[in-house]
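So the structure is just underneath, and the comments pick up after that.
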Number of protein chains: 2
Amino acid sequence: MYSSELIKGTLKTIILKLLSESDEMYGYELTQRVKELTGGKIQLTEGALYPTLHALEAQGVLTTNVVNVGNRIRKYYSITPTGKQLANDKVNEYADFIDTMTFLLGLKPNMG
Amino acid sequence: MYSSELIKGTLKTIILKLLSESDEMYGYELTQRVKELTGGKIQLTEGALYPTLHALEAQGVLTTNVVNVGNRIRKYYSITPTGKQLANDKVNEYADFIDTMTFLLGLKPNMG
DNA sequence: TTTATATACATAAATTTCTTAGGTATATAA
DNA sequence: TTATATACCTAAGAAATTTATGTATATAAA
């Protein structure tokens, strides 16, 4: 787990990226997927995740589809074309930012 | 200039890294150095910088030395041994975080 | 059987971090 | 004399997140 300040500002980018690669995902699924992909190093908190999903929906970049699974509710999120554009922009901006920080902090370029 | 949310959480790391490479620097100098090194892409705001410098001093990782230059004041900051250790830890953590984000966002490793 | 854990949503108070705006003051170039 | 640069500082407000809490079902463990 990283110190919480580092992760700040990356939540929207992460959500949009994962949703632009998948047909649809629900909130809890996003938390599990991020945990899995990062080996537990990044864990989305529900208190941050759900309000952000609601905001992205209100903004028109995500649409929802509520489904009953057994007796529980699941709210699936899909990305809109506008959202895909936004996801691309955010990911590209973050890639640029990483390059800048890599240089500023004197880190070796990562060669895999 | 990056969207302001991206830069969040990186301020302390940037300050500590620059001060661990230099004998001493003053606040305004830090803003100019970061602007120069990032081609204007990151510009530290004084409202964020000065309170953070004060906090790092209170924490014992920085010490100060006030100097009169002409009729103006300059407050030079130097990093303590504890601060150098913290700088190292923060930079290493950020490097790890960059690797994680690079993978999560499906970015190509940067080969310079 | 009741306890803990996992699934699955949500909100709200408090905290952290930053932006924006303002204040003081000197030096210099237009 | 006006704008820009240098050089410090604080405080109100905004933004993003953490922490805490709530609801509810399902399942594995003790």
Side-chain angles (χ1 to χ4, degrees), chain A residues 1-16 18 24-36 40-59 62-77 90 93-94 97 101, chain B residues 1-16 18 24-36 40-59 62-77 90 94 97:
Chain A
M1 282 281 285
Y2 300 112
S3 65
S4 72
E5 48 181 17
L6 282 196
I7 298 169
K8 286 188 182 176
T10 61
L11 182 55
K12 277 185 199 167
T13 307
I14 292 171
I15 292 172
L16 290 170
L18 291 188
E24 55 176 14
M25 291 181 89
Y26 55 99
Y28 186 77
E29 188 182 8
L30 281 164
T31 67
Q32 297 310 298
R33 189 100 185 87
V34 169
K35 189 176 169 185
E36 178 198 330
K41 285 178 176 178
I42 298 179
Q43 275 169 255
L44 307 187
T45 58
E46 296 177 309
L49 176 64
Y50 290 116
T52 299
L53 286 171
H54 301 163
L56 290 172
E57 186 187 5
Q59 206 184 318
L62 300 181
T63 56
T64 57
N65 177 28
V66 178
V67 171
N68 287 314
V69 177
N71 284 333
R72 278 207 292 270
I73 289 169
R74 253 187 217 165
K75 202 166 172 180
Y76 281 97
Y77 287 87
K90 288 237 163 233
E93 189 188 27
Y94 203 78
F97 181 65
M101 287 299 292
Chain B
M1 283 280 286
Y2 301 111
S3 65
S4 71
E5 46 181 18
L6 282 196
I7 299 169
K8 286 191 180 172
T10 61
L11 182 55
K12 277 185 200 167
T13 307
I14 291 170
I15 292 172
L16 291 170
L18 292 187
E24 55 178 14
M25 292 180 90
Y26 54 99
Y28 186 77
E29 189 182 9
L30 282 164
T31 67
Q32 298 309 299
R33 189 100 185 87
V34 169
K35 190 177 168 183
E36 178 198 331
K41 285 179 176 177
I42 297 179
Q43 276 169 255
L44 307 186
T45 59
E46 297 177 312
L49 176 64
Y50 290 117
T52 300
L53 286 171
H54 302 161
L56 290 172
E57 187 188 4
Q59 206 185 316
L62 301 180
T63 55
T64 58
N65 177 28
V66 178
V67 171
N68 287 313
V69 177
N71 284 332
R72 278 208 292 271
I73 289 170
R74 253 189 218 163
K75 201 166 174 180
Y76 281 97
Y77 288 87
K90 288 238 164 233
Y94 203 77
F97 180 65

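The figures here come from the full heavy-atom set of this structure, side chains too, leaving out hydrogens, waters and symmetry mates. Just so we're clear, the structure is a prediction, and the values are computed from it rather than from any experiment. Below, read A as the first sequence line, B as the second, and so on, with proteins coming before strands; counting in each chain starts at 1.
Per the geometry, CG belonging to B:Asn71 stands 7 Å off C1' belonging to C:dT26, to the nearest Å. Atom pair A:Asn65:CG and C:dC9:P shows a separation of 12 Å (rounding to whole Å applied). Nucleotide D:dT25 holds its C1' atom 11 Å from the CD1 atom of A:Ile73, rounded to whole Å. One can place CG of A:Leu44 at 15 Å from P of C:dA10, the figure rounded to the nearest angstrom. Separating the CG atom of B:Leu30 from the P atom of D:dA7 is a distance of 12 Å, rounded to the nearest angstrom. The distance between atom CG of B:Asn68 and atom C1' of C:dT26, rounded to the nearest whole Å, is 12 Å. Look at NZ on B:Lys8: it is 6 Å from C1' on C:dT17, rounded to the nearest Å.
Among the nucleotides D:dT18, C:dA8, D:dA7, the one closest to the side chain of B:Tyr26 is D:dA7. Listed nucleotides C:dA6, D:dC8, C:dC18 differ in distance to A:Arg72; the shortest reach to its side chain belongs to C:dA6. The listed nucleotides are C:dA10, D:dC9, D:dT18; the one nearest the side chain of A:Lys75 is C:dA10.
Ranked by how close their nearest DNA chain C nucleotide is to the 5' end, B:Gly9 and A:Glu29 are led by A:Glu29.
The stretch residues 47-56 of chain A touches DNA chain C through A:Gly47, A:Tyr50, A:Pro51, A:His54, each having a heavy atom within less than 4.0 Å of the strand.
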